[in-house]
Amino acid sequence: MFKQKKRVDANNFCQFCRTRHCKGRSLGLHPKKTFNRSFSMRLTRYFLPVLKDTPAEASIASHRLMLRAGMIRQASAGIYSWLPLGFKVLRKLEDIVHEEQIRAGHIPMLMPTLQPADLWRESGRYDDYGKEMLRITDRHGRDMLYGPTNEELITDIFRNSVNSYKELPKTLYHIQWKFRDEVRPRFGVMRGREFFMKDGYSFDIDEAGALHAYNRHLVSYLRTYERMGLQAIPMRADTGPIGGDHSHEFLVLAKTGESEVFYDRAVTDMKLGDRVVDFDSVEQCQAIFDEFTTPYARTDETHDEALFNEVPEDRRMSARGIEVGQIFYFGTKYSKAMGAEVVMPDGSRKPVEMGSHGIGVSRLVGALIEANHDDNGIIWPESVAPFGAGIVNLKQGDSAADAACEGLYQALTKAGIDPLYDDRDERAGAKFATMDLIGLPWRITVGPRGLKNGVVELTSRRTGETEEMSPEAAVDRLTQIYANV
RNA sequence: CGGGCUAUGGCGCAGUCUGGUAGCGCGUCCGUCUGGGGGACGGAAGGUCGUGGGUUCGAAUCCCGCUAGCCCGACCA
């Protein structure tokens, strides 16, 4: 849709996702034209059905705002259509997840939403999963199900294609719709029945390898969330009947979170930042894992009061959190049950060591809004904003204002900012309210009054601070801001 | 799965108790005046009152069944 300026520098920043050492280009993840996530738009041509009133069914901020901002519409309980604005954000999150998975050396693929029941009978989960699993019978009377997760399917693929230890390790992942027939869906996309999730599956020859995969995922997840402008804290999670210490959940702190969490305040000061990570380095991944998991951080499920009390009192925090991801090492649970084995150097056969690792992509949209909103609406971080900036024409039909807006629209589009130009014949107040509601991080306000002095206004949605400057300076400023996102 | 509640135009609601012409605000459409935080005036469109049955001369309203949705809790990415 637009030509990105070439950016090659010593740090090897990717010119598309603007992060270091991105492998996305070579893997085709950064196509030159991206039609469903990166484009400018004139509001009169877009589909943005915003609501002035809050629909009665929405009780929490993210649900309310997603409905009001025209991001989603409910199709039935816990099942949503993603309208253009919501879809754009969802795709941006998906891109970030892909980029960070590729960077960590994981391999993208795609599995179907419908799966044969037989595979689940092999693992024993067809009966264990209960009513949460949506079961379907096809015309031949064959038992099918809408996948709530994909361990069985990926293990089946693996066992049919991999025979030797030489082919390990491998981590395969996909980002796909899942369905869990929740008893009580609620909170909009935060607890839907249908949800969009990245789920990755690691295969290793031994426990040490599997634990490196585990650590590698933890590190890559840290960066994934940070790039979205979120602080997600890895917390020791309940491993359930499988046992062991190897599961962590990533929690975003938010008042409306469903989980009660306890942590050492030190964890909220930690950041992976843009340090260069060698994901093949066992030592480095282990060191980062240790760094981020040593301070106390647990959900109520694993909370240990005695241990918690060893944290200095002024750093002991309790809060609520939204779970946006989980990593899990479960060893040979599925490989044994389903016969996923490799031949070892000595000729023996060994079930592979597995782990599964998930990021709730659709839930993240809700979590982001929970963490970033005010009374007027959403406040998107730059990295996930559906449009980089909004252009508000205060007097549609005024030739100077129209021309200035048009010029800004072209220039911002060319700079890759993806502006949304509110060219409706509406009053200023209505335009401001819409912009605040949909939460674009920057707004350029253009009116005849300012234009007489050659200036427009650049306003930050987050701080509300407004600066007057020439249109050219505004474009430069935004280009600068987005170059570092 | 336990407990509570709701269903009337695109959204928010009144009307139901006490049966009788479906109503209000917002939004939408057209026009005029406007023009820096959801403006004013005039006009218009839009509803089998969730659904099936029953009572009645007559049902949004009363009775029975069903469905969908929301909230609290237990469960879960």
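Protein chains get the first letters and strands the later ones, always in sequence-line order, with residue 1 at the start of each. Here the structure is a predicted model, which means the values were calculated and not measured.
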Out of B:G37, B:A74, B:G12, which nucleotide sits closest to the side chain of A:Phe432? B:G37

Nucleotide forming a Watson-Crick or wobble pair with B:G38, both distances under 3.5 Å: none

For B:G35, does the base pair up with any side-chain atom of A:Asp425 as donor and acceptor (N or O, under 3.5 Å, distance only)? yes

Using a cut-off of 4.0 Å on non-hydrogen atoms, how would the nucleic acid contact of A:Ala430 be classed: base, sugar-phosphate, or nothing? base

Answer for the Watson-Crick or wobble partner of B:C29, both distances under 3.5 Å, is B:G43

Over 60° means perpendicular and under 30° means parallel, so classify the ring planes of A:Phe289 and A:His248, tilted if in between. perpendicular

Which one, B:G25, B:G39, B:G69, comes nearest to the side chain of A:Glu57? B:G69

Whole Å only: how far is the CZ atom of A:Arg427 from the C1' atom of B:G27? 17 Å

When you measure only distances, ignoring hydrogens and angles, does the side chain of A:Arg424 come within 3.5 Å of the base of B:G38 through a donor and an acceptor? no

Please figure out whether A:Glu249 or A:Thr434 has its closest RNA chain B nucleotide nearer the 5' end. A:Thr434

Under a 3.5 Å limit for both distances, which nucleotide forms a Watson-Crick or G-U wobble pair with B:G58, could you say? none

Go nucleotide by nucleotide along RNA chain B from the 5' end; which of A:Gly325 and A:Thr459 gets its closest nucleotide reached first? A:Thr459

Separation of B:G39 atom P from A:Leu394 atom CG, nearest Å, is 15 Å

Taking B:C24 as the reference, what is the distance to B:G9 when you measure between their C1' atoms (whole Å, please)? 12 Å

B:G37 base to A:Asp436 side chain: any donor-acceptor pair below 3.5 Å? yes

Whole-Å distance separating the CG atom of A:Asp398 from the P atom of B:G36: 12 Å

In whole angstrom, give me the gap between the C1' atoms of B:U34 and B:G42. 15 Å

Could you tell me if A:Arg135 sits above the aromatic ring of A:Tyr146, with its cationic atom closer than 6.0 Å to the ring centre and no more than 45 degrees from the axis? no

Sugar-phosphate only, base, or nothing, as touched by A:Ser362 at under 4.0 Å among non-hydrogen atoms: nothing

B:G12 to B:A7 separation - C1' atoms, rounded to the nearest Å: 14 Å

OP1 or OP2 of B:C71 under 4.0 Å from side-chain N/O of A:Arg184: yes

Need one value for A:Lys431: base, sugar-phosphate or nothing, where a base atom within 4.0 Å counts as base even if backbone is also close, heavy atoms only. nothing

Under 3.5 Å: donor-acceptor pair, side chain of A:Asp402, backbone of A:Gly397: yes

Between A:Tyr214 and A:Tyr329, ring centroids under 6.0 Å: no

Separation between the P atoms of B:C33 and B:G23, rounded to whole Å: 33 Å

Could you please name the option among B:G35, B:G25, B:C75 that lies closest to any side-chain atom of A:Lys395? B:G35

Between B:G27 and B:C13 - C1' atom distance, rounded Å: 14 Å

Charged tip of A:Arg42 within 45° of A:Tyr421 ring normal and under 6.0 Å: no

Scan every strand shown for a Watson-Crick or G-U wobble partner of B:A68, both distances under 3.5 Å, and answer none if you come up empty. B:U6

Is it possible for you to check whether A:Lys88 lies under 6.0 Å from the centre of the six-membered ring of A:Phe387, through NZ or CZ, and within 45° of that ring's axis? yes

I want to verify a distance call: between B:C75, B:G35, B:G38, whose nearest atom is closest to the A:Arg186 side chain? B:C75

Using 30° and 60° as the class limits, which term best fits the ring planes of A:His303 and A:Tyr296: parallel, tilted or perpendicular? perpendicular

Counterpart base for B:A74, defined by Watson-Crick or G-U wobble contacts under 3.5 Å: none

Do any of residues 63-81 of chain A sit with a heavy atom less than 4.0 Å from RNA chain B, and if so which? A:Arg68, A:Gln74, A:Ser76, A:Ala77

Is the distance between the ring centroids of A:Tyr221 and A:His357 under 6.0 Å? no

What contact category does A:Gly358 fall into here, base, sugar-phosphate, or nothing, at under 4.0 angstrom with non-hydrogen atoms? nothing

Taking the same atom, C1', in B:U8 and in B:G50, what whole-Å distance lies between them? 10 Å

Could you tell me how far B:U56 sits from B:G19 if I compare only their P atoms? Round to whole Å. 16 Å

Across the strands shown, which category fits A:Gly192 at heavy-atom distances under 4.0 angstrom: base, sugar-phosphate, nothing? base

Atom-pair distance (OH on A:Tyr129; C1' on B:C75), nearest Å: 12 Å

Using OP1 and OP2 only, check whether a side-chain N or O of A:Lys52 sits under 4.0 Å from B:G12. no

Confirm from the modelled atom types if A:Glu426 and B:G38 form a donor-acceptor pair under 3.5 Å, side chain to base only. no

Rounded to whole angstroms, how far apart are CD1 on A:Ile438 and P on B:G38? 18 Å

Between B:U6 and B:A14, how many Å separate the two P atoms, rounded to a whole number? 10 Å

Under a 3.5 Å cut-off for both distances, is B:C17 Watson-Crick or wobble paired, and to whom? none

Qualifying residue for side chain to side chain contact (heavy atoms under 4.5 Å, CB included) with A:Leu65, from A:Thr54, A:Asn376, A:Ile438, A:Leu437: A:Leu437

How many Å lie between CG on A:Asp181 and P on B:A68, as a whole number? 11 Å

For A:Cys405, which of A:Asn393, A:Asp422, A:Val392 qualifies under side chain to side chain contact (heavy atoms under 4.5 Å, CB included)? A:Asn393

